[in-house]
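No hydrogens, no waters, no symmetry mates; every other heavy atom, side chains included, goes into these values. The first residue in the sequence is number 1, and the count goes up from there.
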Amino acid sequence: MGCCSGRCMLIFFCTLQLMTALERQAFDFLGYQWAPIMVNFLHIIMVILGLFGTIQYRPRYVVLYLLWTLLWVAWNVFVSCLYLDLGGLSKESDLLSLGVSSHRSWWKDNSPGCDDRDLPATRWQSLESPELISALGCWLEYQYIEVLHCIVQILISFLGFAYACYVVSIFTEEDSFNFIGGVNLTNKARGDYK
């Protein structure tokens with residue numbers, strides 16, 4: 001087995017998906033976003049099953065990973081549309097927290113480079129809600145960070161999907177060999193005994 005074989009590449013992409021999913025899971029826990037926490041948990045389980053199937057030459061587990069990858073891409077497209085306010089969705093809705101809490105994305109309060117501690121007091125007093133202010137001096141607003149997470153997940157998923165299709169085709173080719181003495185049973189049924 002070479003280091004750049006389809007199987008090794010699928011192992012690499014599954015491992016990369018696990019690392020990025022665990023990172024995403026941590027930030028979803030910090031923001032109390034319950035729907036992404038549950039979906040990320042399922043994703044982690046499915047990627048582990050796909051990794052197991054790849055390492056142990058189990059094509060059924062890899063096919064399960066393939067099917068889950070399609071659902072995972074759909075979930076990430078939904079989350080991207082939600083944070084970009086596309087298709088009638090709104091990032092201000094309680095869909096991701098399942099209406100259980102009023103928490104939002106952890107990145108909303110902790111975006112990199114945001115400097116909201118020096119806002120003038122008169123500006124705070126003149127507004128009805130401080131949430132209406134976009135934090136000053138942010139490198140990237142929180143919704144774009146969430147969309148970037150989704151894009152990274154989608155790209156890794158597409159690569160993992162392609163390699164998983166290749167690995168399943170290789171596993172099924174290897175599985176078609178008859179291990180019972182190497183005799184082709186179709187020839188035996190026709191009366192060809194060699």
Side-chain angles (χ1 to χ4, degrees), residues 1-31 33-87 89 91 95-97 104-108 110-113 138-177:
M1 176 174 77
C3 70
C4 288
S5 69
R7 187 169 164 254
C8 283
M9 291 303 291
L10 182 57
I11 291 170
F12 170 75
F13 285 121
C14 284
T15 305
L16 189 60
Q17 272 188 321
L18 274 177
M19 291 187 319
T20 57
L22 288 170
E23 177 265 340
R24 191 173 182 183
Q25 183 80 325
F27 287 112
D28 287 340
F29 263 117
L30 290 172
Q33 295 188 351
W34 300 112
I37 289 170
M38 290 187 294
V39 175
N40 287 339
F41 181 72
L42 283 174
H43 178 64
I44 290 167
I45 290 172
M46 293 300 172
V47 171
I48 289 172
L49 286 174
L51 195 56
F52 174 77
T54 304
I55 292 170
Q56 295 292 320
Y57 296 96
R58 310 272 182 167
R60 288 185 180 155
Y61 289 123
V62 181
V63 169
L64 182 67
Y65 166 77
L66 277 170
L67 295 174
W68 172 256
T69 300
L70 296 174
L71 292 172
W72 181 245
V73 167
W75 168 258
N76 281 291
V77 168
F78 167 74
V79 171
S80 295
C81 290
L82 184 84
Y83 278 111
L84 294 175
D85 295 332
L86 297 175
L89 299 170
K91 62 184 164 273
L95 285 174
L96 295 180
S97 65
R104 304 279 186 247
S105 171
W106 182 82
W107 295 106
K108 187 170 185 172
N110 302 296
S111 289
C138 288
W139 295 339
L140 201 58
E141 291 186 35
Y142 79 96
Q143 65 265 25
Y144 300 123
I145 294 172
E146 293 287 355
V147 169
L148 281 174
H149 273 107
C150 291
I151 290 171
V152 166
Q153 290 292 329
I154 289 171
L155 289 176
I156 296 171
S157 294
F158 280 146
L159 291 169
F161 184 85
Y163 278 104
C165 288
Y166 175 69
V167 165
V168 166
S169 71
I170 288 175
F171 285 176
T172 53
E173 284 176 12
E174 291 174 0
D175 226 7
S176 65
F177 178 72

[X] side, atom [atom1]; [Y] side, atom [atom2] - distance, nearest 0.5 Å:
{"X": "Gln25", "Y": "Gln33", "atom1": "CD", "atom2": "CD", "answer": "11.0 Å"}
{"X": "His43", "Y": "Ile45", "atom1": "NE2", "atom2": "CD1", "answer": "11.5 Å"}
{"X": "Leu49", "Y": "Arg58", "atom1": "CG", "atom2": "CZ", "answer": "12.0 Å"}
{"X": "Met9", "Y": "Thr54", "atom1": "CE", "atom2": "OG1", "answer": "12.5 Å"}
{"X": "Cys165", "Y": "Ile170", "atom1": "SG", "atom2": "CD1", "answer": "11.5 Å"}

Non-hydrogen side-chain atoms of Leu10 and Val62 separated by less than 4.5 Å:
yes
Would you say Trp75 and Pro36 make side-chain contact, with heavy atoms under 4.5 Å?
yes
Tell me whether the rings of Trp34 and Phe29 are parallel (<30°), tilted (30 to 60°) or perpendicular (>60°).
perpendicular
Apply side chain to side chain contact (heavy atoms under 4.5 Å, CB included) to [X] and list each qualifying residue two or more places apart in sequence or on a separate chain.
{"X": "Leu42", "result": "Trp68"}
{"X": "Ile44", "result": "Leu18, Ala21, Leu22, Ile48"}
{"X": "Phe27", "result": "Glu23, Leu30, Trp106, Trp107"}
{"X": "Gln143", "result": "Tyr83, Lys91, Glu141"}

Compare every heavy atom of Val79 with every heavy atom of Cys150, then report the nearest pair and how far apart it is.
SG-CG1, 3.5 Å
At their closest point, which heavy atom of Tyr61 faces which heavy atom of Gly53, and how far apart are they?
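Result for this residue pair: CB-CA, 3.7 Å.
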Donor-acceptor list for residues 151-164 side chains, cut-off 3.5 Å, not counting sequence neighbours:
residue : atom : partner : partner atom : Å
Gln153  : OE1  : Trp72   : NE1          : 3.1
Gln153  : NE2  : Thr20   : OG1          : 2.8
Ser157  : OG   : Gln17   : NE2          : 3.0
Ser157  : OG   : Gln153  : O            : 2.7

Cationic tip of Arg7 above Phe171 ring, under 6.0 Å, 45° of axis:
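No - Arg7 does not lie over the ring of Phe171 by the 6.0 Å and 45° rule.
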side-chain hydrogen bond (donor to acceptor under 3.5 Å, both in side chains) partners for Thr69, two or more places apart
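Residues passing side-chain hydrogen bond (donor to acceptor under 3.5 Å, both in side chains) with Thr69: none at all.
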